[in-house]
Amino acid sequence: MPRAFTPKVVTANHLLEGDVIYLKADNSWTRELAEAELITDEADAQLRLLEAESQKDVTVGAYLADAKAGENGPEPTHFREEFRRTGPSNYRHGKQEAEANV
Amino acid sequence: MYKYNDFDHAFLAERNRQFRAQVERRIDGQLTEDEFKPLRLMNGLYLQLHAYMLRVAIPYGTLNADQMRTLALLAEKWDKGYGHFTTRQNIQYNWPKLQDVPDMLDALAKVNMHAIQTSGNTIRNVTADHFAGAAADEIEDPRPIAELIRQWTTDHPEFQFMGRKFKIAVSASAADRAVLKAHDLAVRIVKNDDDVIGYQVLVGGGLGRTPMIGKVLNDFVAQDDLLPYIESVVSVWNQIGRRDNKYKARIKITVHEHGIDEIRRLTDERFALVRPTFGGADKALFEDIKAHFASPDFRTGTTEAFDAAYEADPVFRAWADTNLAEHRAEGHAIATISIKKHGATPGDATAEQMREMASIAEDLAYGELRISHEQNVILPHVHKNDLPAIHARLKAADLATANIGLISDIIACPGMDYCALATARSIQVAETIATRFDELKLEHDIGHLQIKISGCINACGHHHVGHIGILGLDRAGVENYQITLGGDATETAEIGTRTGPGFAYDEIVPAIERIVHAYLEIRAHSEETFLETYRRVGMEPFKAALYPPAEAKVA
């Protein structure tokens, strides 16, 4: 029996910076997972992934990542996605560095 | 060390020009990612978890001061102020932007460096004994052979699209400091009974998913035959190696499936065809290369400044006791600079530290530096009288950690903090172990103990050959760490044995502590190393310490 569909976000790396980006509902990209579109329908997820993959000048390696609804938007369900949305844990580099500079 | 000639400069400039154009075509959309990816990989550019990663080759681990300064420049100008030295004598930059990479490669080219074939299914950066040219126990400097192999492999048309990558290491001592037996092919410089220098060739070693210890393919290859012989080996594997399954594509599987005798027969057959095609140009080139590696003019004189500091300064003495190795020239030593400060990321050096190491090398160490597969930096030639001054400068640069070969001198891959392939963190585990044993003040009492940590099954952190190996896995969405004991990365190489069930992230450091306390209790005397104790008593006492009865039920 196929596994039940779990909610997803579309994520990729940015072509130029290489950093982690997420697809928003309006087809634009954000660096914040919380601003991503949380996709709850399986057929819709495949279409959204195709949309992301078609933006070849922005994205590299788009895929569907598991996520769950949180208070402030989508949250990761696996620690790999937690690292991707935050940055490395040995230095405050990556996205956490950008936050520190705000 | 080797200096580029006009051909080398022109080759590298052309290669960089091509890659710059490829990057431009990728950015303006003429190339898709599928088309671009193999091109960027051939030039050392990966896409990792958070950013691109540029892997720069440090051929056979040798650097001069200007090259080290250029590595610092790259870190500062195009990255976040640091670089990560790897287990294959490369340096990795974790944060370059795609459009900056061509400029980084041009900067490297100015000091005869590149990132060619640091990735992809090609023959990778050739590694060597990091004490090459300095070690008291070596037959001759193995780096000319390594340079010859580097030139022969670079852009070799037959070996650009192989079934999988191919790694070569070179050494010239009975003591193996280059993990020869974990390489696809290894060359060990030897002397035969008539005192003639030749090469022992080993094949089929490798770590990763299916760890294997390399086997001797040929005990003595004559000097003039080395390149055609290696070409024959790679060629045989390139023909019969499996391409149906990338996990079975490395030569270790080919050797395992066909047997070493059959590989030897096929190599000999191939060699008969290949040998005549080498017209002697390789021999002339080798003679030319050898001249580049002339030994420095070692100075003479007493070592009284060293002896006085060794007597008077306990901090210097502790550093000298752990971080120095025997040099072949009288009054000299090989000094290892630890890039393993307790609690810091193994192998990471800042731009300032790289510059200071370059200056120290230039001022006090004949201008030479080496990078070890153990992720440390080496000053291969130092007159002992200069060591107190070097130590003082290292202290000021936060580089004077006295822990070479000790429990905190840990090899760790980047793991889940950076690597797209990782299944668990390794840097944090290394940092926590080092900090913990520093707090316990047990490090020097424990003595020689190598911990090696990989954040996935691919084993960049060499966990199989660590005295204690740690492998981080993803078990049902949670980090889980398996422990192996009894691995050995030297001439008596062995793959470690798994202790049993793995440990959660917050259990792994206490587990290592239990192993170490068990060792301290059961060792025969304070000079018996961890590995010796393990070989004497076997797994059981460690298992008993690791899995107390109450926990064994749960496991």
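In this text the structure is predicted, and so the values were computed from the model without any measurement. Atoms considered below: every heavy atom in the structure, side chains included; atoms not considered: hydrogens, waters and symmetry mates. In what follows, chains are A, B, ... by sequence order, proteins preceding strands, each numbered from 1.
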Subject >> Distance in Å, B/Asp100 CG paired with A/Glu17 CD, rounded so as to fall on 0.5 Å steps >> reply: 9.5 Å

**OP:** Find the distance between OG1 (B/Thr32) and CD (A/Glu53) and round it off to the nearest 0.5 Å.
**Re:** 12.0 Å

Original post:
Does a donor on one side chain sit under 3.5 Å from an acceptor on the other, for B/Asp348 and A/Tyr91?
Top reply: yes

Subject >> Close approach to chain B in residues 74-83 of chain A, criterion heavy atom under 4.5 Å >> reply: A/His78, A/Phe79, A/Arg80, A/Phe83

Original post:
Under a 4.5 Å heavy-atom cut-off, does chain A meet the side chain of B/Pro414, its backbone, both or neither?
Top reply: neither

**OP:** Using modelled atom types only, decide if a donor and an acceptor are shared between the side chain of A/Asp57 and the backbone of B/Gly29 within a distance under 3.5 Å.
**Re:** no

Original post:
What option among A/Arg84, A/His93, A/His14 has the most heavy-atom pairs under 4.5 Å with chain B?
Top reply: A/His93

Subject >> Contact class of B/Ile427 relative to chain A, heavy atoms under 4.5 angstrom >> reply: side chain

Original post:
Using non-hydrogen atoms only, which part of B/Ala420 is less than 4.5 Å away from chain A: side chain, backbone, both, or neither?
Top reply: both

Original post:
Should we count NZ of A/Lys24 as having more than 12 external heavy atoms under 6.0 Å?
Top reply: yes

Original post:
If you measure from CG on A/Asn90 to CD on B/Gln428, what distance do you get to the nearest 0.5 Å?
Top reply: 6.5 Å

**OP:** Measure A/Thr59 against the heavy atoms of chain B and call it side chain, backbone, both or neither at under 4.5 Å.
**Re:** backbone

Original post:
In terms of heavy-atom pairs under 4.5 Å with chain B, which of A/Val20, A/Leu15, A/Thr86 leads?
Top reply: A/Leu15

Original post:
chain A heavy atoms under 4.5 Å from B/Arg26: which part of the residue, side chain, backbone, both or neither?
Top reply: both

**OP:** Name the region of B/Tyr418, side chain, backbone, both or neither, that has any atom closer than 4.5 Å to a heavy atom of chain A.
**Re:** side chain

Original post:
What do you reckon, is OH of B/Tyr247 surrounded by more than 12 foreign heavy atoms closer than 6.0 Å?
Top reply: no

Original post:
Which of the residues B/Gln48, B/Glu431, B/Met416 is involved in the greatest number of heavy-atom pairs with chain A at under 4.5 angstrom?
Top reply: B/Met416

**OP:** Check the pair A/Val60, B/Glu33 against side-chain contact (heavy atoms from CB on, under 4.5 Å), reporting the backbone distance first and the verdict last.
**Re:** CA-CA 7 Å; A/Val60 183; B/Glu33 185 59 21; 3.4 Å; yes

Subject >> Results of side-chain hydrogen bond (donor to acceptor under 3.5 Å, both in side chains) for B/Lys340 - residues two or more places apart only >> reply: B/Asp409

Subject >> Part of B/Leu47 lying under 4.5 Å from any heavy atom of chain A >> reply: side chain

Subject >> Contact class of B/Tyr82 relative to chain A, heavy atoms under 4.5 angstrom >> reply: side chain

Original post:
Checking side-chain contact (heavy atoms from CB on, under 4.5 Å) for the pair B/His50/A/Lys95: CA distance, chi angles, key distance, verdict?
Top reply: CA-CA 9 Å; B/His50 316 291; A/Lys95 294 190 186 301; over 6 Å; no

Original post:
Atom CG in B/Leu98, atom CG in A/Asn13: separation rounded to 0.5 Å?
Top reply: 12.0 Å

Original post:
Taking all non-hydrogen atoms of both residues, which atom of A/Gly94 and which atom of B/Lys80 are closest, and how far apart?
Top reply: N-CE, 4.3 Å

Original post:
For B/Val478, is it the side chain, the backbone, both, or neither that has a heavy atom closer than 4.5 Å to a heavy atom of chain A?
Top reply: backbone

